[in-house]
**Student:** 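Next up is a structure, given as structure tokens.
Everything numeric in this text was worked out from a predicted model, so none of it was measured.
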Amino acid sequence: MTYYMHSIPGRLRLKIPAIRRNPEEAKAIQALLKGLEGMESIRANTITGSLVVKYEPGRSLKERILAILKENGYFDETRAIDMDHFLIENTSKAGRALSKAFCGWAMGRALEGTSLSFLAVFI
């Protein structure tokens, strides 16, 4: 289970696996954060498991928000990745998939029209 975190002044985006396909958990998190002074909006996306919190930029609510989520078991900062790590992880997955597809295509082309082409189906 991977958590994602991106923060700029006044805005915090979190990927929280507990709210993915779980509207009840999303509502529970929104209720937890709703009463914080300086909070502007809380938007949960249960399709992606994403939570976007907007607050007054002059306030340093990020630490308080994370503390509330950690206390209630919704966020594990030790397992969180930032944008750089998120991109690296996902581009390497995409690279592996493309590599497999290309090798399969090349193997099929190389064996095309030979008696070994039948074996290529099983590779």
**Student:** Please name the pair of heavy atoms, one in Arg13 and one in Ser50, separated by the smallest distance, quoted to 0.1 Å.
**Tutor:** NH1-OG, 3.1 Å

**Student:** Counting neighbours of CD1 on Ile47 that are heavy atoms of other residues, nucleotides or ligands and sit closer than 6.0 Å, is the number greater than 12?
**Tutor:** no

**Student:** Quick check on Arg21: does its CZ atom have over 12 non-hydrogen neighbours (other residues, nucleotides or ligands) under 6.0 Å away?
**Tutor:** no

**Student:** Mark yes when over 12 heavy atoms from residues, nucleotides or ligands other than Glu63 sit less than 6.0 Å from its CD; otherwise mark no.
**Tutor:** yes

**Student:** Report the distance from atom CD1 of Ile16 to atom CG of Leu69, rounding to the nearest 0.5 Å.
**Tutor:** 5.0 Å

**Student:** So, for Leu61 and Met39, which heavy atoms are closest and what is the spacing to 0.1 Å?
**Tutor:** CD1-N, 4.1 Å

**Student:** For Ile19 and Asn45, work out which heavy atoms get closest and say how close.
**Tutor:** CD1-O, 4.4 Å

**Student:** Can you tell me how far CG of Leu36 sits from CD1 of Ile42, rounded to the nearest 0.5 angstrom?
**Tutor:** 7.5 Å

**Student:** Please report the interatomic distance CD(Glu25) to CD(Gln30), rounded to the nearest 0.5 Å.
**Tutor:** 11.5 Å

**Student:** So does Lys27 have more than 12 non-hydrogen atoms from other groups sitting under 6.0 Å from NZ?
**Tutor:** no

**Student:** Test side chain to side chain contact (heavy atoms under 4.5 Å, CB included) on Ile65 and Tyr55 and set out the steps.
**Tutor:** CA-CA 10 Å; Ile65 292 166; Tyr55 53 91; 4.0 Å; yes

**Student:** Taking C-beta and beyond as the side chain, do Arg11 and His6 meet within less than 4.5 Å on heavy atoms?
**Tutor:** yes

**Student:** Does any non-hydrogen side-chain atom of Met5 lie less than 4.5 Å from one of Leu66?
**Tutor:** yes

**Student:** Of all heavy-atom pairs between Ala44 and Leu51, which one has the smallest distance, and what is that distance?
**Tutor:** CB-CD1, 3.9 Å

**Student:** Measure the spacing between CD1 of Ile68 and CG of Leu32 and express it to the nearest 0.5 Å.
**Tutor:** 7.0 Å

**Student:** CD1 of Ile8 to NZ of Lys62: how many Å apart, nearest 0.5 Å?
**Tutor:** 11.5 Å

